[in-house]
Amino acid sequence: MSPTQPDHLAALRLAVRRRLLPWFARHARDLPWRQEPRDPYAVWISEIMLQQTRVDTVIPYFQRFMKRFPTPAHLAAAPMRDVLKHWEGLGYYARAHRLHQAAQVLVRDYQGRLPDDPALLAKLPGLGPYATAAIASLAFGHPRAALDGNIMRVLARLTALPGDITRSATRRKLQHLADTLLAPKHPGATNEAWMELGALVCTPRNPRCSACPLARLCKARAAGRPEAFPQKPKKKKLPHKVVGAAVILNRSNQILIAQRHPDKGMLNGLWEFPGGKRRDTETMAGCIARELREEMGLTLEVGPRLVIVHHAYSHFTIELHAHFARILKGRPLHLDCADHAWVTPDQFDAYPFSKADHGIINAMRALPRPPRQRDYF
DNA sequence: AAAACGGGGAC
DNA sequence: GTCCCAGTTTT
């Protein structure tokens, strides 16, 4: 049943205690969320931030976040815009919304603390199998093997595991392997040691096998091709979208910004220069005029272009054309947006924007002076 | 099972 | 340019 031979498995179990854990004790990075004793709240925040996000990116975000929201009660009581401002640029904004929701559950049901029970942790918004196991083991010492991208890669190489890593059958084999190899007395350290090994030594490309404490046991290395594991399917090409955005100036030279729906879709809850996807048959001016009519009930005159911003998302790329505009008719309605505000360029910092819209902001700030309606119309 | 969901660093 | 990261949720 097991893809791994019994004697190899036994050797791996021994090597976890004799080699992996000592290696980790020696090489563990001093990261801000690793202060002992572990604060379950800090473990939680760090684990959510670290999802699909590298350690070096997370560190400054984690420090700002913990300073502003030091406990679940602080987080639960904070306005969502403040939370999003601290998440701005980190991506996957649903994580921030779920964190905020979960903090409110903690205050309501668990005296403002994370429950010391994996079954209860698993019910919190944003906690899937990985995060539940990570928090249960790291913060509370429960024997739960956390399976993340690092651990899957390390274990797939150690055993030269065949099969597509995205298939559930392969995932089950890896979970079973991780469960089997978990040192019962040191579940948190085992999980972290695998992850540290994956991050520092057993990297996706150019793994440093000569520095690996488990190199002698590695089937992929024995086969001479560690990078062949884990097996993954080929990526599809990303679709490309052309998007228009309006920098609408009023007579006081304030600029209209709109808030995206907080509960659905891309960049949820962030603020933006309103606009949308151009249809094949449209001009850019026609696209922007139509989008603002549909989203906010405004009739626009679209003026000259400010900038074109290129940006890549996880599942498509965009070319964002920002044009100056002014309102010919109407006042901003929330037909397909959550909120709006008229602000001057120096007030952009108070609102969370996406990376692409920061390109527009930067272009505006690079102008000789803040834009005025009469400069363009 | 597949798609949606960001952004950045390494190569 | 490509890959992929301390994944979760929805369809």
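In the text below, chain A, chain B and the rest are named by the order of the sequence lines, each starting its count at 1.
No contact: A/Ser46 has no heavy atom under 4.0 Å from any strand. A/Met266 comes within 4.0 angstrom of the backbone, heavy atoms only, and of no base. Residue A/Leu127 is classed as a sugar-phosphate contact, given heavy-atom separations below 4.0 Å to backbone atoms only. Using a 4.0 Å heavy-atom cutoff across all strands shown, A/Thr203 reaches no nucleic acid atom at all. A/Leu267 comes within 4.0 angstrom of sugar-phosphate atoms only, judged by non-hydrogen atoms across all strands, and of no base. The residue A/Lys236 sits close only to the backbone: its heavy atoms come under 4.0 Å of sugar-phosphate atoms, none of a base. In this structure, A/Arg98 reaches the sugar-phosphate backbone alone: every heavy-atom distance under 4.0 Å involves primed, P, OP1 or OP2 atoms, never a base. Residue contacts for A/Trp87: at a heavy-atom cut-off of 4.0 Å it reaches no nucleic acid atom on any strand shown. Backbone-only engagement by A/Gly265 is indicated by non-hydrogen atom pairs under 4.0 Å involving sugar-phosphate atoms exclusively. Across all strands, A/Ala131 comes closer than 4.0 Å only to sugar-phosphate atoms, never to a base (heavy-atom distances).
For A/Thr166 and B/dA1, the shortest distance from a side-chain N or O to OP1 or OP2 is not below 4.0 Å. Contact annotation: A/Arg153 does not reach the phosphate of C/dC4 (side-chain N/O to OP1 or OP2, under 4.0 Å). Taking only side-chain nitrogens and oxygens, A/Tyr313 never comes nearer than 4.0 Å to OP1 or OP2 of B/dA4. At the phosphate of C/dG7, OP1 or OP2 sits under 4.0 Å from a side-chain N or O atom of A/Gln52. The side chain of A/His311 contributes no N or O atom lying less than 4.0 Å from OP1 or OP2 of B/dG6.
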Query raised in the report: Between A/Arg260 and A/Glu272, is a salt bridge (Lys or Arg N to Asp or Glu O under 4.0 Å) present by the stated rule, with each step listed?
Result: CA-CA 7 Å; A/Arg260 300 174 63 87; A/Glu272 66 176 4; 2.8 Å; yes

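With rounding to the nearest 0.5 Å, the separation of CD in A/Glu192 from NE2 in A/His186 is 13.5 Å.
For A/Arg365, the CZ atom counts as densely surrounded, since its 6.0 Å shell holds more than 12 non-hydrogen atoms of other residues, nucleotides or ligands. The local environment of CZ in A/Arg34 is crowded, with over 12 non-hydrogen atoms from other residues, nucleotides or ligands closer than 6.0 Å. Heavy atoms of other residues, nucleotides or ligands lying less than 6.0 angstrom from CZ of A/Arg225 number 12 at most. The number of heavy atoms from other shown groups lying within 6.0 Å of CZ (A/Arg305) does not exceed 12.
In this entry the distance linking OH of A/Tyr92 with C1' of B/dG6 reads 6 Å, nearest Å. The interatomic distance linking A/His315 (NE2) with B/dC5 (C1') rounds to 6 Å, in whole Å. Here the P atom of nucleotide C/dT9 and the NE2 atom of A/His97 are 14 Å apart, to the nearest Å. Separating the CG atom of A/Leu147 from the P atom of C/dT8 is a distance of 10 Å, rounded to the nearest angstrom. Rounded to an integer number of Å, the gap from CD of A/Glu88 to C1' of B/dG8 is 15 Å. Straight-line distance from the CG atom of A/Leu90 to the P atom of B/dC5: 17 Å, rounded to whole Å. Separating the CH2 atom of A/Trp271 from the P atom of B/dG6 is a distance of 18 Å, rounded to the nearest angstrom.
Mapped onto DNA chain C by nearest heavy atom, A/Leu124 and A/Leu50 fall at different nucleotides, with A/Leu50 at the one closer to the 5' end. Comparing A/Thr132 and A/Lys237 by the nucleotide of DNA chain C whose heavy atom lies nearest to each, the residue mapping closer to the 5' end is A/Lys237.
With B/dC11, C/dG7, C/dC5 as the candidates, the nucleotide lying closest to the side chain of A/Lys232 is C/dC5. You'll find that the side chain of A/Pro204 is closest to C/dC4, out of B/dG8, B/dG6, C/dC4. With B/dG6, B/dC11, C/dA6 as the choices, the nucleotide that has an atom nearest any side-chain atom of A/Asn150 turns out to be C/dA6. When distances run from any side-chain atom of A/Leu31 to the nucleotides B/dC11, C/dT8, C/dA6, the shortest one goes to C/dA6.
A/Glu88 and A/His86 are not linked by any side-chain donor-acceptor pair at a separation below 3.5 angstrom, with hydrogens and angles left out of the test.
When the C1' atom is compared between B/dC11 and C/dA6, the two are found 22 Å apart, to the nearest whole Å. Nucleotides B/dG6 and C/dT11 place their P atoms 15 Å apart, quoted to the nearest Å.
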